[in-house]
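What follows is a single structure, written as structure tokens, with notes after it.
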Amino acid sequence: MAHDSLAQVMVDYAAQGMTLAQISARVGMDVEVVHERMTSYLENQATSMSVVQMRMLQLNRLERVIGALWQQVMDGDLLTQGRNVKNMIDTIREITELMDLKKDRLRDEQVRLTQAQTQLVTASIEALRVGMLERLVEVLPEESRDAVEMMWNSSFPAMAADAIARNAAATVKMGAGAGPVELEPLMEETD
């Protein structure tokens, strides 16, 4: 699609606060045509850059703002009575927000690791349950297989839930000084 320079001018007018009716009167077109051309122009502009590219462009703009303010702030910012110090801090905050620097990446990774480990343990328990049942059924006489399979499928989830409940009080501490993970044994020892 060819570049629509008039649509760009109309978008600039809208950015300056003009209404569609005012833009329509200025360019001599119907409001519907103005709206359609502006919408098409904006949609084409929005899809021409990826989110990463737009983020990097914004970062570049903000870094330029810091560059423009830096020397004034370092010289004492006397001309603006300290307002540029605030502007500089606000710009730094904008960069922090833009780049999503407030997130604790380590904590996020620990959460994902815990989820992955939980899925692995759950899958392992399920594989064990199915494998043990298959082996058990192989050695049983034909007439008792269905009854054992039903008992197994109803008992195993209850036993797993009971084992989890017995260890519900176990807590895992992470970070400096957390120490080793201590869990009570899943099976009680018999004499």
Side-chain angles (χ1 to χ4, degrees), residues 1-127 164 168 170-179 181:
M1 180 179 169
H3 178 72
D4 188 349
S5 58
L6 180 57
Q8 182 178 358
V9 169
M10 292 188 292
V11 167
D12 289 342
Y13 288 153
Q16 294 169 24
M18 293 177 70
T19 66
L20 284 178
Q22 291 169 329
I23 296 169
S24 173
R26 181 164 278 183
V27 297
M29 296 178 159
D30 290 337
V31 171
E32 294 80 18
V33 175
V34 168
H35 182 265
E36 183 180 309
R37 285 182 68 176
M38 287 175 58
T39 301
S40 176
Y41 175 81
L42 289 170
E43 286 174 355
N44 287 332
Q45 291 301 307
T47 58
S48 66
M49 280 189 171
S50 71
V51 171
V52 172
Q53 289 171 325
M54 287 188 287
R55 184 174 284 128
M56 291 301 106
L57 179 61
Q58 285 297 93
L59 177 62
N60 184 277
R61 289 172 177 155
L62 290 169
E63 287 172 340
R64 287 175 185 231
V65 169
I66 287 178
L69 294 173
W70 186 264
Q71 197 57 49
Q72 291 177 27
V73 170
M74 293 300 113
D75 289 343
D77 196 18
L78 297 175
L79 293 176
T80 62
Q81 299 174 348
R83 286 189 297 265
N84 282 339
V85 171
K86 182 191 179 318
N87 292 339
M88 179 97 140
I89 292 170
D90 289 346
T91 304
I92 291 170
R93 284 188 181 133
E94 284 293 320
I95 290 173
T96 301
E97 183 72 25
L98 175 70
M99 301 308 290
D100 203 17
L101 298 175
K102 287 186 177 182
K103 289 204 174 206
D104 183 353
R105 298 285 179 218
L106 178 59
R107 190 198 78 230
D108 293 347
E109 289 303 315
Q110 288 171 336
V111 168
R112 289 187 5 202
L113 176 62
T114 301
Q115 290 170 339
Q117 289 171 330
T118 302
Q119 290 173 350
L120 178 62
V121 168
T122 304
S124 298
I125 291 172
E126 181 62 18
I164 291 170
T171 58
V172 178
K173 294 181 182 176
M174 301 179 85
V181 175

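- Among residues at least two apart or in separate chains, salt bridge (Lys or Arg N to Asp or Glu O under 4.0 Å) pairs with a member in residues 86-97 are Lys86-Asp90, Asp90-Arg93.
- The distance from the CD atom of Gln119 to the OG1 atom of Thr114 is 11.0 Å, given to the nearest 0.5 Å.
- With hydrogens and angles ignored, the 3.5 Å screen pairs no side-chain donor or acceptor of Asn60 with any backbone N or O of Met56.
- Residues passing the salt bridge (charged side-chain N to carboxylate O under 4.0 Å, His left out) test with Asp30: none are found, sequence neighbours excluded.
- When all heavy atoms of Gln22 and Gly17 are compared, the pair lying nearest together is OE1-O, 4.2 Å.
- To the nearest 0.5 angstrom, Met99 atom CE is 10.5 Å from Leu62 atom CG.
- The line from CG of Asp100 to CD1 of Ile95 is 14.0 Å long, rounded to the nearest 0.5 Å.
- In this structure Ile92 satisfies the side-chain contact (heavy atoms from CB on, under 4.5 Å) test together with Ile66, Met88, Thr96, sequence neighbours excluded.
- Residues that satisfy the salt bridge (charged side-chain N to carboxylate O under 4.0 Å, His left out) test with Glu32, not counting sequence neighbours, are absent from this structure.
- Remark: Arg64 CZ to Leu59 CG distance equals 11.5 Å, nearest 0.5 Å.
- Among residues two or more places apart in sequence or in another chain, the salt bridge (charged side-chain N to carboxylate O under 4.0 Å, His left out) test is passed with Glu36 by none.
- The side chain to side chain contact (heavy atoms under 4.5 Å, CB included) with Asn84 is formed by just one residue from the set Asp75, Ile89, Val73; it is Val73.
- Within the 3.5 Å criterion, the main-chain N or O of Leu98 finds a donor-acceptor partner in the side chain of Arg55.
- Counting only residues at least two apart or in different chains, side chain to side chain donor-acceptor pair (under 3.5 Å) contacts with residues 6-17 comprise His3-Gln8.
- Rounding to the nearest 0.5 Å gives a distance of 5.5 Å between CE of Met10 and CE of Met29.
- Side-chain polar atoms of Arg61 and Gln58 form a donor-acceptor pair below 3.5 angstrom.
- For Ser24 (side chain) and Leu20 (main-chain N/O), no donor-acceptor pair under 3.5 Å exists by modelled atom type.
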